[in-house]
Undergrad: 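Take a look at the following structure, please.
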Amino acid sequence: MSASAPTSPLPLAPGLRSRVLACGIAVYVLLLLAALATGSAWLAALAALAFVTLLLSPGLLRRSAAAWSLWLLGAAAVGVLAARGHGMLALDMLPVLINAALCVLFARTLA
């Protein structure tokens, strides 16, 4: 066994995993409501990033390079939108991106 072998992350207990997910959903909803109430582009961007983090959390916890790359790309895109004052667009694009991801997943099952 090599000394440089990567260590796997400690698995979360199912009860703890569901509580962390519930807290993440609560944070997303609170950020979403605050963004809609205030019209703040930055709060909308944070809500979108919280949602992306929730979706990618299993891969992020497994330290998947693809999940981290997608998260960094999403964070950069949301940051650019927020910096230009279009943070609400990040929230508007979430359903479109989710449907596109589901289409890609379905297309991969056909091949």
Side-chain angles (χ1 to χ4, degrees):
M1 182 168 215
S2 172
S4 65
T7 60
S8 63
L10 295 174
L12 293 176
L16 179 62
R17 184 180 310 147
S18 62
R19 283 192 298 263
V20 168
L21 185 62
C23 287
I25 291 170
V27 167
Y28 166 69
V29 169
L30 290 174
L31 284 170
L32 178 64
L33 291 174
L36 293 175
T38 63
S40 170
W42 285 101
L43 285 176
L46 281 175
L49 188 59
F51 189 75
V52 169
T53 303
L54 282 171
L55 289 179
L56 294 175
S57 63
L60 295 173
L61 289 173
R62 284 193 315 268
R63 297 182 183 150
S64 165
W68 278 101
S69 298
L70 284 173
W71 188 87
L72 288 172
L73 181 68
V78 165
V80 168
L81 285 172
R84 294 179 183 233
H86 300 293
M88 287 294 184
L89 184 61
L91 286 178
D92 293 339
M93 290 301 297
L94 284 178
V96 173
L97 294 174
I98 291 170
N99 284 331
L102 288 173
C103 287
V104 168
L105 179 66
F106 179 69
R108 290 184 66 186
T109 63
L110 295 176

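In what follows, every heavy atom counts, from backbone to side chain, and hydrogens, waters and symmetry copies are set aside.
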Undergrad: Mind checking the CG-OG1 spacing from L43 to T38? Nearest 0.5 Å is all I need.
TA: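 Answer rounded to 0.5 Å: 5.0 Å.
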
Undergrad: Could you pull out the closest heavy-atom pair between L54 and L21, with the gap in Å?
TA: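 Minimum heavy-atom contact is CD2-CD1, 3.7 Å.
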
Undergrad: If every non-hydrogen atom of A47 is compared with every non-hydrogen atom of Y28, which pair is closest and at what distance?
TA: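 Closest heavy-atom pair between A47 and Y28: O-CD1, 3.1 Å.
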
Undergrad: Who pairs with T53 by side chain to side chain donor-acceptor pair (under 3.5 Å), at least two apart in sequence or on another chain?
TA: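 Scan of T53 (side chain to side chain donor-acceptor pair (under 3.5 Å), adjacent residues dropped) gives W71.
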
Undergrad: If every non-hydrogen atom of L91 is compared with every non-hydrogen atom of A48, which pair is closest and at what distance?
TA: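 Looks like CD2-N, 3.9 Å.
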
Undergrad: Hey, any chance L36 and W42 share a hydrophobic cluster, counting ILVMFWY side chains that come within less than 4.5 Å of each other, even indirectly?
TA: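 No, L36 and W42 fall in different hydrophobic clusters.
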
Undergrad: Members other than L30 in its cluster, when Ile, Leu, Val, Met, Phe, Trp, Tyr link by side-chain heavy atoms under 4.5 Å?
TA: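 Members besides L30: none; it forms no cluster.
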
Undergrad: If every non-hydrogen atom of S40 is compared with every non-hydrogen atom of M88, which pair is closest and at what distance?
TA: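 Looks like O-CE, 4.3 Å.
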
Undergrad: In the single-linkage hydrophobic clustering (I, L, V, M, F, W, Y; side-chain heavy atoms under 4.5 Å), do M93 and L102 co-cluster?
TA: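 No: no chain of side-chain contacts under 4.5 Å links M93 to L102.
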
Undergrad: Evaluate the side-chain proximity of F51 to L97: yes if any heavy-atom separation is below 4.5 Å, no if none is.
TA: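 No. Closest side-chain heavy atoms not under 4.5 Å.
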
Undergrad: When hydrophobic residues are tied together by side-chain contacts of less than 4.5 Å, even through go-betweens, does I98 share a cluster with L32?
TA: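 In one cluster: yes.
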
Undergrad: Answer with yes or no whether the hydrophobic clustering places L60 together with L73; edges join I, L, V, M, F, W, Y residues whose side-chain heavy atoms lie under 4.5 Å apart.
TA: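 No, because L60 and L73 fall into different hydrophobic clusters, even though each may have its own neighbours under 4.5 Å.
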
Undergrad: Which heavy atom of A90 sits nearest a heavy atom of V78, and at what distance?
TA: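 Minimum heavy-atom separation between A90 and V78: CB-CG2, 4.2 Å.
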
Undergrad: Which pair of non-hydrogen atoms, one from A82 and one from A45, has the smallest distance, and what is that distance?
TA: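 Result for this residue pair: CB-CB, 3.6 Å.
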
Undergrad: Report whether V52 and I25 are members of the same hydrophobic cluster (ILVMFWY, side-chain heavy atoms less than 4.5 Å apart, transitive linking).
TA: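 Shared cluster, yes.
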
Undergrad: Return the OG to CZ distance between S57 and R62, rounded to the nearest 0.5 Å.
TA: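 The distance works out to 9.5 Å.
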
Undergrad: Calculate, to the nearest 0.5 Å, the distance between atoms CG and CG belonging to L81 and D92 respectively.
TA: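 Those atoms lie 10.5 Å apart.
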
